[in-house]
Amino acid sequence: MTNTSRTPVPAPPPGAGTDLTGRTALVTGGGSGIGRACALALARSGAAVHVVDRDAETAKAVAEATGGEAHVVDLADPGAIDLLPLGIDVLVNNAGLQHVAPITEFPAERFELIQRVMVTAPFLLMRRTLPHMYAGGWGRVVNVSSVHGLRASAYKSAYVAAKHALEGLSKVAAIEGAPFGVTSNCVNPGYVRTPLVEGQIRDQATAHGISEGDVLADVLLARSPVKRLLEPEEVAAAVLWLCGPHSGYLTGASLPLDGGWTAG
Ligand code: NAD
């Protein structure tokens, strides 16, 4: 009798890179920062890329740079998500926004918007794109979560709640997708050098009357043993690896790219 638990799985040759020729990827928030870096990396690996962003100018610029297609869409609008393409093999749920305020002063409509863009939109996109991945027997869902999907910080209730919800959604997708060759994982960056964070550094330096270097060291990187910002290209490299030939057994996981923050 065959012992199925010992059936050998053909291993890809060590060192084989990620070749996504013939695959189609969709990256939300692909016009800027991490999403832009992911779109460029996926295109360099051969994927056809759909760049989804509410900002028309940046979405079109990245689509041009990747030879892909821009979709100018507000992900808070479920009707607009219904018009996005169905034939997706790699879904990168990346679009996000932040609002910083104590719970007692947090605007309820802002809280709800953040859940819609960062939880409901990834769910709707999974619901839309998983049938094609299941039918093809291969797919990759990569959710750009955050260290705030694993840890909390004061004044970020909507963002921390949304990222924790995304972690749960990603795990359910992993369990449901496993029989079909579809993995779902999160990547969990600490602070990344993007326009969003560079703006925060400038604003906090002005607000507290301290240098940008001090904001970086004493505020942003206080909990990170590695004392530098993460680069968007480093996040994109992890996303690409999750789409590569050596990652089929890794699913339902959360990959901390946090300079050791969550090790403490
Ligand atoms: P960014 O602001 O540079 O890019 C976000 C993109 O999402 C923008 O192009 C924006 O137009 C788009 N977007 C926002 N709301 C949208 C909507 N309703 N519909 C369509 N597009 C929308 O930000 P980033 O720093 O690259 O962040 C990308 C992701 O990475 C986010 O989910 C964020 O939470 C996560 N993240 C960022 C950091 C960081 O330090 N920058 C750290 C951890 C996690």
Side-chain angles (χ1 to χ4, degrees), residues 26-41 50-63 65 70-81 83-84 91-100 109-110 112-122 124-125 142-153 156 158-167 169-170 186-201 203-204 215-216 219-221 223-224 226 228-236 238-239 254-259 261-262:
L26 185 150
V27 183
T28 69
S32 174
I34 295 168
R36 177 177 179 277
C38 289
L40 293 170
H50 293 279
V51 181
V52 176
D53 207 292
R54 67 177 167 188
D55 186 301
E57 198 180 320
T58 57
K60 285 176 187 160
V62 176
H71 302 266
V72 181
V73 161
D74 181 356
L75 291 163
D77 173 9
I81 294 174
L83 303 174
L84 290 172
L91 171 63
V92 182
N93 283 313
N94 164 77
L97 66 159
Q98 179 63 278
H99 188 95
V100 179
E109 65 282 3
R110 193 75 182 156
E112 203 264 330
L113 171 71
I114 288 175
Q115 309 315 306
R116 252 191 294 156
V117 174
M118 291 167 55
V119 184
T120 306
L124 291 173
L125 282 164
V142 185
N143 301 298
V144 181
S145 178
S146 165
V147 71
H148 284 113
L150 307 170
R151 294 287 185 277
S153 289
K156 295 185 175 175
Y159 187 88
V160 171
K163 291 301 191 189
H164 276 68
L166 184 63
E167 297 278 327
L169 176 64
S170 180
C186 288
V187 292
N188 300 67
Y191 284 103
V192 186
R193 192 189 308 280
T194 67
L196 189 96
V197 166
E198 285 176 328
Q200 274 184 40
I201 294 172
D203 291 350
Q204 295 216 21
V215 171
L216 195 59
V219 184
L220 268 58
L221 299 178
R223 284 179 284 183
S224 172
V226 179
R228 68 168 175 84
L229 292 175
L230 182 64
E231 301 297 332
E233 291 72 23
E234 294 180 277
V235 183
V239 170
S254 301
L255 193 62
L257 305 170
D258 63 0
W261 180 334
T262 53

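Note that the structure is predicted; figures quoted are calculated from it, not measured. Note that ligands are numbered from 1 as they come in the structure, with each ligand's atoms numbered from 1 the same way.
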- Would you check if the side chain of H164 reaches a backbone N or O of H148 as a donor-acceptor pair within less than 3.5 Å? yes
- Using atom types as modelled and distance alone, determine if a side-chain donor or acceptor of Q115 lies under 3.5 Å from a backbone N or O of T120. no
Provide, line by line, the atom pairs where ligand 1 and the protein bring an N/O atom each to a distance under 3.5 Å; else say none.
unit_1   : atom_1 : unit_2 : atom_2 : d
ligand 1 : 3 (O)  : S32    : OG     : 2.6
ligand 1 : 9 (O)  : D53    : OD1    : 3.3
ligand 1 : 9 (O)  : D53    : OD2    : 2.5
ligand 1 : 11 (O) : D53    : OD1    : 2.6
ligand 1 : 18 (N) : D74    : OD1    : 2.9
ligand 1 : 19 (N) : V73    : O      : 3.4
ligand 1 : 19 (N) : L75    : N      : 2.9
ligand 1 : 21 (N) : R54    : N      : 3.2
ligand 1 : 25 (O) : T194   : OG1    : 2.9
ligand 1 : 26 (O) : I34    : N      : 2.9
ligand 1 : 32 (O) : N94    : O      : 2.6
ligand 1 : 32 (O) : K163   : NZ     : 2.9
ligand 1 : 34 (O) : Y159   : OH     : 2.5
ligand 1 : 34 (O) : K163   : NZ     : 3.1
ligand 1 : 40 (O) : V192   : N      : 2.7
ligand 1 : 41 (N) : T194   : OG1    : 3.3

- Note on the structure: Sorted by chain and number, sequence neighbours left out, side-chain contact (heavy atoms from CB on, under 4.5 Å) with L196 holds for T194, Q200
- Message: Once side-chain contact (heavy atoms from CB on, under 4.5 Å) is applied, do any residues pair with D55, and if so which ones, sequence neighbours excluded?
- Response: D53, E57, T58
- Item | Set of residues satisfying salt bridge (charged side-chain N to carboxylate O under 4.0 Å, His left out) with respect to R116, sequence neighbours excluded | E112
- Task: State which residue, out of V235, L229, L257, fulfils the side-chain contact (heavy atoms from CB on, under 4.5 Å) condition with V192.
- Result: V235
